[in-house]
Amino acid sequence: TLMRSSAASDVYKRQMLMEIILLLQREMKAAYSMLNNPLKTLTKKEWLLWLVSLTVVILSNLATNDLDLLTLISALLGVTALIFAAKGNVWAQFLMIIFCILYGIISFRFHYWGEMITYLGMTLPMAAWSAITWLRNPSEENENEVAIRTLNKKHIIGLTISTVIVTGIFYYILAWLDTPNIMFSTLSIVTSFIAASLTMLRSSYYAVGYAANDIVLIVLWVLASLENPAYIPVVVNFAIFLLNDMYGFVSWKKRELEHV
C-alpha cells in the first residue's frame, strides 16, 4: 500500500512538473512573439503619422541656434515609443525606459527636480514593470499586441488612494528642493503616475493620462523657454507627443470595442 501511495505521489509530481514546464513554454513562446519586429505591424496611416512626427521633431530642433542632440534623440525615441504603444506593442516600454533616462538628464540641467525624480524614480521602474506585465499578457486575437483589461472598482479605488499619497509625498519633496513652477511640476507627477499606472494595468485610458501629462509639460516647458529659448523644441516635442497619445487612445478603444 505504501509503495502504491509513493508511486502515485511520484506520478502526480511528474504531472505537475510537466504542466509547469508546458506553461513556461507557452509564456516564453507568447513573449517571443511579442518581441517580433514592431515595424512590420504598422499600417500605412501609422507609418505616415510616425514619419510626419519624426520630421516635425527634427525640423523644430534644427531650427534653433543651439541644437541639443540629447533633446532631439529623446524626442525621436519618445515618438517611436508612442507609436508602438498605440499598437499595444511591448517595444514601447523598452524605448520608454531609455527615454526616461534621457529626459531625466534634460530635466536635471534645468533644475526641474520634479521631472527628473518622476521619470527616473517612478516612470522608469513602472515602464520596466509594464514591459513584464505586457509580455505575460498577450492578446488572444493578435499575439503581437497586449491584451486590454477593463478596470474594476478595486483598480479605481487603489489608483485614487495611491495617487493622493504620491501627490502629497512628491509635493513636499519638490518644495524642499525649491523646484521652479512647483504647481505644474506637481501636476506633471500626478498625471504621469496615473498614466504609468494605467499602462501597467493595460487600460486603454493610459493614453488619456499621458495626454494630460503632455499638456502640463507643454505649459512647463513654455515657462522654461521664456527664460531660455533653447527649450522651445521641447515644447514642440511634447505637442507631437500629445497628438500621438490621442491617436493611441483612439487605437486602443477601437481594438477594445472590436474584441467585446
Side-chain angles (χ1 to χ4, degrees), residues 27-28 30-39 41-42 50 53-54 57 68-110 112-138 144-149 162 166 170 185 188-214 216-217 221 234 237-238 240-242 244-245 247-248 251-252:
E27 288 195 357
M28 289 178 65
Y32 179 76
S33 297
M34 292 190 73
L35 291 172
N36 288 334
N37 185 357
L39 295 177
T41 65
L42 298 183
W50 182 44
S53 298
L54 293 179
V57 166
D68 184 32
L69 192 59
L70 193 63
T71 299
L72 176 58
I73 294 173
S74 66
L76 296 177
L77 283 173
V79 167
T80 306
L82 293 179
I83 284 291
F84 293 163
K87 297 293 292 185
N89 191 287
V90 72
W91 280 105
Q93 303 308 322
F94 298 135
L95 292 180
M96 181 57 70
I97 291 172
I98 302 173
F99 172 80
C100 287
I101 296 171
L102 298 181
Y103 184 66
I105 296 172
I106 295 170
S107 300
F108 171 78
R109 293 189 309 193
F110 194 74
Y112 271 159
W113 308 121
E115 291 301 290
M116 184 187 75
I117 294 171
T118 299
Y119 276 82
L120 295 180
M122 185 178 69
T123 307
L124 189 153
M126 292 179 81
W129 185 247
S130 294
I132 296 172
T133 58
W134 282 29
L135 283 171
R136 296 183 63 182
N137 294 277
N144 293 316
E145 302 172 347
V146 66
I148 299 175
R149 172 195 275 173
S162 58
V166 167
F170 273 89
S185 290
S188 173
I189 289 173
V190 173
T191 52
S192 182
F193 176 76
I194 293 173
S197 299
L198 291 173
T199 301
M200 279 199 304
L201 292 171
R202 296 179 283 115
S203 168
S204 57
Y205 288 96
Y206 86 92
V208 176
Y210 275 121
N213 184 244
D214 293 334
V216 174
L217 292 177
W221 287 106
V234 183
N237 296 343
F238 279 108
I240 294 298
F241 286 4
L242 176 60
N244 281 270
D245 280 321
Y247 173 74
S251 178
W252 274 55

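In this chain, residues are counted from 1 in sequence order.
- When all heavy atoms of Trp221 and Ser107 are compared, the pair lying nearest together is CZ2-OG, 4.2 Å.
- Tested against Leu77, the residues Leu82, Ile98, Ile101 include a single side chain to side chain contact (heavy atoms under 4.5 Å, CB included) partner, Ile98.
- Remark: the backbone N or O of Glu145 is not paired with any side-chain donor or acceptor of Asn89 at under 3.5 angstrom.
- Expressed to the nearest 0.5 Å, how far CD1 of Ile189 lies from CD1 of Ile194 amounts to 12.0 Å.
- The nearest pair of heavy atoms linking Ile148 to Ser204 is CG2-N, 4.4 Å.
- Rounding to the nearest 0.5 angstrom, the gap separating the CZ atom in Arg202 from the CH2 atom in Trp252 is 8.5 Å.
- With hydrogens and angles ignored, the 3.5 Å screen pairs a side-chain donor or acceptor of Ser251 with a backbone N or O of Ala86.
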Report task. Tell me, with the steps shown, if Thr133 and Arg149 meet side-chain contact (heavy atoms from CB on, under 4.5 Å). Result -> CA-CA 12 Å; Thr133 58; Arg149 172 195 275 173; over 6 Å; no
Query - Asn244 and Ser53: CA distance, side-chain angles, deciding distance, side chain to side chain donor-acceptor pair (under 3.5 Å) verdict - result: CA-CA 8 Å; Asn244 281 270; Ser53 298; 3.2 Å; yes
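- In this structure, Trp50 and Phe84 have tilted ring planes: the angle between them lies in the 30° to 60° band.
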Requested in this report: Using the side-chain contact (heavy atoms from CB on, under 4.5 Å) rule, take Tyr210 and Thr199 through it: C-alpha gap first, then chi angles, then the decisive distance, then the call.
Outcome: CA-CA 10 Å; Tyr210 275 121; Thr199 301; 3.5 Å; yes
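- Minimum heavy-atom separation, Val166 to Met122: CG1-SD, 4.3 Å.
- For the pair Ala75 and Val57, the tightest heavy-atom approach, listed with the atom from each and the gap, is CB-CG1, 3.5 Å.
- Separation of atoms CD1 (Ile117) and OG (Ser185) is listed at 10.0 Å; rounding is to 0.5 Å.
- For the pair Leu242 and Ala211, the tightest heavy-atom approach, listed with the atom from each and the gap, is CD1-O, 3.6 Å.
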